[in-house]
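Just below is one structure, and these are the notes that go with it.
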Amino acid sequence: MSQSSSATKIDHLDAVVVGAGFAGLYMLHRFKQLGLRARILEAGGGVGGTWYWNRYPGARCDIPSLQYSYQFSSELEQEWEWKERYAPQPEIMAYAKHVVERFELGPDIQFNTRVAAAHFNEDNSRWSVTTEAGDVISARFCVMATGCLSSANDPEFPGRESFTGDWYHTGRWPHGGVDFSGQRVAVIGTGSSAIQSIPIIAAQADQLTVFQRTPNFSVPAHNRPQDLQEEAEVKKNYRAFRANGRAQPIGWDTAGNERTAEEHTPDEIRTECERRWEMGGLYFYGTFADLLVGKEANDIVAEFVRGKIRERVKDPQLADALSPDTIFGCKRVCADTGYFETYNRSNVTLVDIAQSGIEEITTHGVRADGKEYAVDAIVTATGFDAMTGSLDRIDIQGKGGLKLKDKWHAGPRTYLGLTTAGFPNFFIISGPGSPSVLTNMITSIEQHVEFVADCVAWLRDQELASIDASIEAEDDWVDHVNEVAGETLLLGCNSWYLGANVPGKPRVFMPYLGFPEYVEKCDTVVKNAYEGFQTA
Ligand code: NAP
């Protein structure tokens, strides 16, 4: 630690990591293993990242616990016992805290510290990271582990400030929980967060009114206590189990069907859809090999799920209003527990705002479709400024004072989703252009972190001061990401993958679709002495 001439307190470290979610924790662990002086700066009061903030009722992972967990430590894998097939938020938090204790990360995490700025200083090739409290850390490496879904999307509803009741966002849920007993509650939004919380809020509240702009596809999760025999089997073969997961297009094993829809007879199609329905949730992505590239296959699956919605919702008109007419999987498919059945309750009302939108928030409620709905509490389940939002909120400046926000004004540009040209020694874990949100996040995170740690170790071995992506490699990668997305059906709706949920955000498909290929590409880059990068 040292003092600058202006007497501002400046800490000198090897690396700063922003964010104490699963990415930040593992990054810190790897840096410590390398002997680096590293510290995490975390805005929240605890670890867990997105799971720290998203404490809304019913929050739970929709990837099976045995797969949604770190694989870097066999001991950790063996000792941790998952209680449910799909871990609820508190169990994931407990796991994150266990990781911190087990790997002695706590002393190097600084909580309640929001980063305001990160500037690259060309004179000494170091990053100056400034907190909102005005503290400055000088570090050679700056790693943004700020998460893809951590910057809440707060639509500017007219009249919002006039509302006299309670206001919540699912992504910033009060730590003490909320009791809606006896209340009239509005939920705005019908994405994954809403679909998980609506059944629980409906069971608690006097009256629930759901404001839906676009209906979503959802498949029952079929959550249950963890099958102990399955767990024992997996624990016996964890290495092979993980390797198999990493070989899959979404980084975990959905036991995907390798055949296209047209390779099935109509009876086989029905059987396969029913079988997937029983497997539940995101296993439905594995129905047919061409689900996300073949319109006919997609139509079959979409119609099958619409048929299930008609079975689950008693009122045919309501079932119709809840049925998406878009591409299955174009927006992220949801996994639910009794979501559609909730609309059979007498205390639940659906308001279709596809045409009107939310017209106004009034003193006592929500006005939509020409009518005012009086409520005591409003829950906005309106999602996130995904992938770029958490970076945009920090004043990040690279070489020549180039602002990341300006560089990305027409859409994010990265090389491998990990680096962006003009920002040396600056890494993003699960950034735009990485497979991240289209995969099992923890699997992707581990691969990214290992890439960064290996790169830092390589620079040290080569006695190099810095590494930066070349513009050519970045341009090629951006073109490639777009090209791959263009071959799928995923450009065909207004998803957050495209930034379409945030007014004014450039419409660019942000994640990279192609997990095992991505890992191969990264491995090749390393093998070829970090091709596509410039070093100094
Ligand atoms: P989301 O999927 O983006 O859903 C937001 C909802 O709010 C949508 O229904 C959207 O309608 C609506 N909305 C947004 N702005 C609006 C406006 N101005 N007026 C009216 N409605 C508006 O957000 P999310 O549900 O928080 O989920 C985000 C992602 O987080 C998920 O896709 C998933 O990747 C992840 N997640 C995972 C889990 C899990 O693991 N179980 C749980 C929750 C979330 P439109 O569709 O019309 O835009």
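One-based numbering, in listed order, for ligands and for the atoms of each. Along the sequence shown, residues are numbered consecutively beginning with 1.
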Considering only the protein, which heavy-atom contact is closest to atom 47 (O) of ligand 1, and what is its distance?
Thr214 OG1, 2.4 Å
Taking the six-membered ring of Tyr52, is NZ or CZ of Arg55 closer than 6.0 Å to its centre and within 45° of its axis?
yes
Tell me, please: is Tyr497 in heavy-atom contact with ligand 1, that is, under 4.0 Å?
no
Using the side-chain contact (heavy atoms from CB on, under 4.5 Å) criterion, which residues pair with Asn112? Sequence neighbours excluded.
none
How about Cys522 and Leu416: do any of their side-chain heavy atoms sit closer than 4.5 Å?
yes
Whether the Tyr26 and Glu450 side chains hold a donor-acceptor pair (N or O, under 3.5 Å, no angle test) is what I'd like checked.
yes
Among all protein heavy atoms, pick the one closest to atom 23 (O) of ligand 1 and tell me residue, atom and distance.
Gly383 CA, 3.1 Å
Atoms of ligand 1 close to Leu149 [distance to a heavy atom under 4.0 angstrom, numbered from 1]
29 (C), 30 (O), 34 (O), 35 (C)
Do you see a donor-acceptor pair shorter than 3.5 Å between the side chains of Glu77 and Ser69?
no
Looking only at non-hydrogen atoms, the one of Gly189, Pro503, Ala381 nearest atom 5 (C) of ligand 1 is Ala381
Looking only at distance, does Asn501 have an N or O less than 3.5 Å from an N or O of ligand 1?
no
With heavy atoms of Arg60 as the reference, note each atom of ligand 1 found under 4.0 Å away.
39 (C), 40 (O), 41 (N)
If we ignore angles and hydrogens, is there a donor and acceptor under 3.5 Å between the side chains of Thr414 and Thr420?
no
Is there a heavy atom of Cys61 sitting under 4.0 angstrom from any atom of ligand 1?
yes
If I apply the N/O under 3.5 Å rule, does Trp51 come out as touching ligand 1?
no
Compute the centroid of each ring, for Phe163 and then for His364, and state whether the two points are separated by less than 6.0 Å.
no
Under 4.0 Å from a heavy atom of Arg332: which atoms of ligand 1 are those, numbered in the order shown and with their elements?
32 (O), 33 (C), 34 (O)
Check: Phe72 ring centroid to Phe103 ring centroid under 6.0 Å:
yes
Counting each atom of ligand 1 from 1 as listed, which ones have a heavy atom of Thr190 under 4.0 Å away?
6 (C), 8 (C), 9 (O)
Assert yes or no for the condition that the ring centre distance of Phe451 to Phe427 is strictly below 6.0 Å.
no
Please work out whether the ring planes of Tyr512 and His480 are parallel, tilted or perpendicular, with thresholds of 30° and 60°.
tilted
Using ring centroids (six-membered ring only for Trp), state whether Phe284 and Phe217 fall under 6.0 Å.
no
Distance from atom 2 (O) of ligand 1 to nearest protein heavy atom, with residue and atom
Gly191 CA, 3.8 Å
Residue pair Arg310, Ser323: steps toward the side chain to side chain donor-acceptor pair (under 3.5 Å) verdict:
CA-CA 8 Å; Arg310 289 192 287 271; Ser323 295; 5.3 Å; no
Does any non-hydrogen side-chain atom of Val437 lie less than 4.5 Å from one of Tyr497?
yes
Would you mind running through ligand 1 and noting each atom that sits below 4.0 Å from a heavy atom of Tyr56?
42 (C), 43 (C)
Top protein contact for atom 26 (O) of ligand 1, by heavy-atom distance
Ser193 OG, 2.6 Å
Should Gln212 be listed as contacting ligand 1, given a heavy-atom distance under 4.0 Å as the test?
no
So for Phe211, does at least one of its heavy atoms come nearer than 4.0 angstrom to any atom of ligand 1?
no
Are any non-hydrogen side-chain atoms of Phe241 and Gln67 less than 4.5 angstrom apart?
yes
Short N or O distance, Gln196 and ligand 1, threshold 3.5 Å exclusive
yes
What do you reckon, does Asn216 have a nitrogen or oxygen under 3.5 Å from a nitrogen or oxygen of ligand 1?
no
Are any of the N/O atoms on Pro155, whether in the backbone or the side chain, positioned under 3.5 angstrom from an N/O atom of ligand 1?
no
Under 4.0 Å between heavy atoms, the region of Ile353 that gets near ligand 1 turns out to be side chain
Measure from atom 46 (O) of ligand 1 to every heavy atom in Arg213, Glu156, Lys331 and give the option owning the shortest one.
Lys331
Flag Ser192 as yes when one of its N or O atoms lies below 3.5 Å from any N or O atom of ligand 1, and as no otherwise.
yes
Going by the order shown, which atoms of ligand 1 are within less than 4.0 Å of some heavy atom of Asp62?
39 (C), 40 (O), 41 (N)
For atom 32 (O) of ligand 1, the protein heavy atom that lies nearest, with its residue and separation:
Trp496 NE1, 2.9 Å
